[in-house]
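Because the structure is predicted, anything quoted here is derived from the model rather than measured. Ligands are counted one by one from 1 in listed order, and the atoms in each one are counted from 1 as well.
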Amino acid sequence: MAYVLHLDASPRGERSHSRRMTRSFVEQWKQAHLGDTVIYRDIGRNPVPHITETWIAAAFTPPEQCTPELWEALRVSDELVDELVDEFLAADIYVMGVPMYNWTVSSGFKAYIDNIVRINRTWAYIPEENPEFPYKPLVHGKKLFVISARGDGGFAPGGRNAQRDFLTPYLKEAFSMLGVTDITFVDVENDEYGGQKLAESIASAQARIAHLVTV
Ligand SMILES: Cc1cc2nc3c(=O)[nH]c(=O)nc-3n(C[C@H](O)[C@H](O)[C@H](O)COP(=O)(O)O)c2cc1C
């Protein structure tokens, strides 16, 4: 039995393709994996805060250097971050719906990443082990499914927009720094065209999802 973290980042409701696809994925996953527990987080509707000075102090100030005032500010800031990181660490499977905004992830999803990439919780700084790349992943054995929706099409390798897809390589790099390297991408393209082009992309994503939940 596994824990599934189902996360949606689109600010849109029923019109959101990524939201509909993650819902469909999770419904099918539950049928194929009876007994798995699903935790849901909606950062599209309930955004997580962007990084603040207090957040940075909380992440990087050694406890012995904290004044009582700073300690109190950090405690409040840390509560939400701890909740996000605890939830992330507790899950075995991630199903994340991510819209493409300006060729990469939305700022809301980027804020989520900034919160969970937390020193000594999800990664550690250990230059003694590897001076070339001193960031040691602390998260292991997870599986991530990213369902992204895009207005345009042709983002697959060789496509006319392939060089503009900064979402896929960015997410691969950001999550691999934490140790999450088993990542599967399902893309819905052509939202802005609608019609047959969009319908074909949705059908292809649905077929992939039906397969992915069984393997
Ligand atoms: C602010 C904004 C920026 C966007 N930037 C892009 C873009 O760079 N490339 C693209 O193909 N589509 C872009 N789109 C279209 C969205 O990716 C598309 O509507 C997608 O379906 C959104 O995901 P959702 O359906 O889950 O809400 C953008 C949409 C918005 C609102």
Side-chain angles (χ1 to χ4, degrees), residues 4-31 38-52 84 87-88 91 93-117 142-176 180 182-213:
V4 179
L5 173 58
H6 172 193
L7 181 145
D8 281 320
S10 175
R12 300 205 292 181
E14 286 309 305
R15 295 178 64 208
S16 160
H17 300 295
S18 60
R19 201 175 271 278
R20 252 185 286 113
M21 288 292 163
T22 60
R23 195 190 309 144
S24 167
F25 187 110
V26 169
E27 278 165 9
Q28 293 177 63
W29 181 274
K30 283 197 292 193
Q31 283 169 18
V38 178
I39 314 155
Y40 183 60
R41 181 167 288 273
D42 188 346
I43 61 166
R45 292 290 173 76
N46 302 295
V48 300
H50 284 270
I51 300 306
T52 60
L84 293 172
E87 179 182 86
F88 184 76
I93 313 281
Y94 310 115
V95 182
M96 299 189 173
V98 186
M100 174 183 274
Y101 284 174
N102 299 310
W103 315 119
T104 185
V105 299
S106 62
S107 60
F109 194 75
K110 177 62 165 54
Y112 176 75
I113 290 179
D114 289 342
N115 275 281
I116 60 164
V117 179
K142 315 286 187 181
K143 210 169 167 50
L144 167 61
F145 297 94
V146 174
I147 304 185
S148 88
R150 295 111 190 262
D152 206 345
F155 290 99
R160 68 186 164 81
N161 271 324
Q163 82 279 13
R164 297 188 183 90
D165 179 5
F166 295 94
L167 182 152
T168 309
Y170 168 66
L171 289 181
K172 279 185 187 164
E173 192 60 37
F175 280 103
S176 78
V180 179
D182 184 347
I183 310 179
T184 304
F185 290 87
V186 177
D187 306 326
V188 176
E189 298 187 332
N190 299 322
D191 176 43
E192 70 193 38
Y193 301 105
Q196 184 68 15
K197 272 181 155 181
L198 174 62
E200 280 171 11
S201 185
I202 290 174
S204 148
Q206 278 169 338
R208 278 204 72 209
I209 288 171
H211 171 70
L212 287 170
V213 296

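- Here is the list of ligand 1 atoms found below 4.0 Å of a heavy atom in Pro99: 22 (C), 23 (O).
- With hydrogens and angles left out, the side-chain atoms of His211 and Arg208 include no donor and acceptor closer than 3.5 Å.
- Counting only heavy atoms of the protein, atom 11 (O) of ligand 1 lies nearest to Asp152 N, 2.8 Å.
- Rounding to the nearest 0.5 angstrom, the gap separating the OG1 atom in Thr104 from the CZ atom in Arg164 is 14.5 Å.
- With values rounded to the nearest 0.5 angstrom, Thr184 atom OG1 is found 5.0 Å from Lys143 atom NZ.
- Here CG of Leu5 is found 10.5 Å from OH of Tyr40. Values are rounded to the nearest 0.5 Å.
- Checked against a 3.5 angstrom limit, the closest N/O atoms of Asn102 and ligand 1 fall inside it.
- Listed by chain and residue number, Asp152 satisfy the salt bridge (charged side-chain N to carboxylate O under 4.0 Å, His left out) test with Arg160 (two or more places apart in sequence, or in another chain).
- Contact atoms of ligand 1 toward His17: 21 (O), 24 (P), 25 (O), 26 (O) (distance under 4.0 Å to a heavy atom of the residue).
- The single protein non-hydrogen atom nearest to atom 2 (C) of ligand 1 is Tyr101 CD2, 3.4 Å, given as residue, atom name and distance.
- The existence of a salt bridge linking Arg23 and Asp8 is excluded, since no basic side-chain nitrogen approaches an acidic carboxylate oxygen closer than 4.0 Å.
- If you look at Ser10 next to ligand 1, the close heavy atoms, those under 4.0 Å, all belong to the side chain.
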Return all side-chain donor-acceptor pairs below 3.5 angstrom for residues 168-175, not counting sequence neighbours, or 'none' if the list is empty.
from   : atom 1 : to     : atom 2 : distance (Å)
Thr168 : OG1    : Arg150 : NH2    : 3.4
Thr168 : OG1    : Asp165 : OD1    : 3.3
Thr168 : OG1    : Asp165 : OD2    : 2.6

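- With atom 20 (C) of ligand 1 as the reference point, the heavy atom nearest to it among Ala149, Gly44, Ser18 is part of Ala149.
- Interface of Arg12 with ligand 1, defined as ligand atoms under 4.0 Å from a residue heavy atom, comprises 19 (O), 21 (O), 24 (P), 25 (O), 27 (O).
- Here Asp191 has side-chain heavy atoms under 4.0 Å from ligand 1, and that is the only part of it that gets that close.
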When you look at Trp29 and Val38, which way does the side chain to side chain contact (heavy atoms under 4.5 Å, CB included) test go after all the steps?
CA-CA 10 Å; Trp29 181 274; Val38 178; 5.6 Å; no
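- Rounding to the nearest 0.5 Å gives a distance of 12.0 Å between CZ of Phe25 and CE of Met96.
- Of all the listed residues (Met100, Arg164, Glu192), Met100 holds the heavy atom that lies closest to atom 28 (C) of ligand 1.
- Protein heavy atom nearest atom 8 (O) of ligand 1, with residue, atom name and distance: Trp103 N, 2.8 Å.
- For ligand 1, the atoms lying closer than 4.0 Å to a non-hydrogen atom of Phe155 are 11 (O).
- Between Arg19 and ligand 1, a contact under 3.5 Å exists for no N or O pair.
- What sits closest to atom 15 (C) of ligand 1 on the protein, heavy atoms only, is Gly151 N, 3.6 Å.
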